[in-house]
Amino acid sequence: MANVKGYSGIQIALHWGILLLLVVSYFSSDAMKSAWSGLHQGRDNFGTVAAAHVWVGVTVLALMAMRVGLRLLRGAPGLPEGGNPKLDKIAKLTHLGLYVILILLPVAGLSAWFGGVEAAGDVHEILFNLGMALVVLHTAGAFYHQLVLKDGLMARMKRPG
C-alpha cells in the first residue's frame with residue numbers, strides 16, 4: 001500500500017456523511033426508545049422518527065463497511081511528524097475504537113430491534129455512550145492540532161489529498 005498524503009474525496013464524504021447520520025440518530029433516539037418500550041408493553045409506538053433511526057443505523061453500517069474497505073485498499077495518511085508518542089497512540093486507539101463502535105453499534109441495535117435480543121439493546125446503549133466519549137476525544141484531538149499545534153491536520157478532512 002502506497003504512503004498516502006491525504007484522504008480521498010470518498011473517504012472525506014464518508015467521514016462527514018456518517019457524522020451527519022449520527023446526529024440524526026442521536027435526535028431520533030428518544031422515538032426509538034419509546035418504540036422499544038411500547039414493543040415490550042404491547043403497544044405500537046413505532047412511527048416515522050423511529051423508522052428513521054432504524055434506517056440511519058442500516059445506512060451507517062453500510063457506509064462503515066465501505067469506509068473500512070477503502071481504508072484497507074487505499075490506506076490513510078499517517079500522523080504528522082514529530083508528534084508526542086503517547087498522544088499518537090491515543091489517536092490511533094481512538095480511531096480504531098470509533099471504527100469498531102460504528103460497526104458494532106448498528107449491529108447491536110438491529111439485533112435488538114429485528115432479532116428481539118434484549119441484551120443487544122443494552123449493548124447498543126453502552127456502545128453509544130462509549131462512542132460519544134470517543135467522538136469527544138477525537139474532536140478535542142482535531143482542535144488541539146488545529147489551534148495549539150497549528151499543523152494543518154484538519155485540512156486532510158476538508159479536501160482530498
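All values below were derived from every heavy atom in this structure, side-chain atoms included, with hydrogens, water molecules and symmetry-related copies excluded.
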Closest heavy-atom contact between Ala35 and Ala50?
CB-CB, 4.0 Å
Out of curiosity, does Met32 fall in the hydrophobic cluster containing Leu61 (side-chain heavy atoms, cut-off under 4.5 Å, transitive links)?
yes
Point-to-point distance, once rounded to the nearest 0.5 Å, from CG of Leu21 to OG1 of Thr59
6.0 Å
Closest non-hydrogen atom pair, Pro106 against Ile101
CD-O, 4.1 Å
Joint hydrophobic cluster, Ile126 plus Tyr26, side-chain heavy atoms closer than 4.5 Å:
yes
Determine, stepwise, if the pair Leu22 / Val56 fulfils side-chain contact (heavy atoms from CB on, under 4.5 Å).
CA-CA 8 Å; Leu22 292 175; Val56 162; over 6 Å; no
Test of understanding: clusters of I, L, V, M, F, W, Y form through side-chain heavy atoms closer than 4.5 Å, transitively. Do Leu127 and Phe114 belong to the same one?
no
Would you give the length of the straight line joining atom NZ of Lys89 to atom CG of Asn84, rounded to the nearest 0.5 angstrom?
13.0 Å
Apply side-chain contact (heavy atoms from CB on, under 4.5 Å) to His124 and Phe128, showing your working.
CA-CA 6 Å; His124 183 72; Phe128 170 79; 5.6 Å; no
Do the side chains of Val60 and Val23 join up, straight or via other hydrophobic residues, at under 4.5 Å, putting them in one cluster?
no
Is the backbone of Trp36 close enough, under 3.5 Å, to the side chain of His40 for a donor and an acceptor to pair up by distance?
yes
In terms of heavy-atom contacts, Lys92 and Leu79 come closest through CE-CD1, 4.1 Å
Under the criterion side chain to side chain contact (heavy atoms under 4.5 Å, CB included), which of Leu102, Leu104, Ile103 is the partner of Val100?
Leu104
Is there a donor-acceptor pair under 3.5 Å between the side chain of Gln11 and the backbone N or O of Pro160?
no
Look at the aromatic rings of His15 and His138 and report parallel, tilted or perpendicular, splitting at 30° and 60°.
tilted
Aromatic rings Trp113 and Phe46: how do their planes relate, parallel, tilted or perpendicular, breaks at 30° and 60°?
parallel
Nearest-0.5 Å distance, NZ of residue Lys158 to CH2 of residue Trp16:
8.5 Å
Would Leu63 end up clustered with Leu72 when hydrophobic side chains under 4.5 Å apart are linked, directly or stepwise?
yes
So, taking the atom named CG in Leu70 and the one named CZ in Arg67, what distance separates them when rounded to the nearest 0.5 Å?
9.5 Å
Considering all heavy atoms, the nearest Val4-Gly75 contact:
CG2-C, 4.0 Å
Scanning both residues in full, the closest heavy-atom pair of His145 with Asp151 reads ND1-OD2, 2.6 Å
Donor-acceptor pair, Ser37 side chain versus Lys33 backbone, under 3.5 Å?
no
For Ile12 versus Arg159, what's the shortest heavy-atom pair and its separation?
CD1-C, 3.4 Å
Output for pair (Leu105 CG, Leu98 CG), nearest 0.5 Å, gives 11.0 Å
Looking at CG of Leu149 and CG of Leu87, how far apart are the two atoms once the value is rounded to the nearest 0.5 Å?
8.5 Å
Tell me if a side-chain donor or acceptor on Ser111 pairs with a main-chain N or O of Val107 at a distance below 3.5 Å.
yes
When you look at CD1 of Ile10, are more than 12 heavy atoms from neighbouring residues, nucleotides or ligands closer to it than 6.0 Å?
no
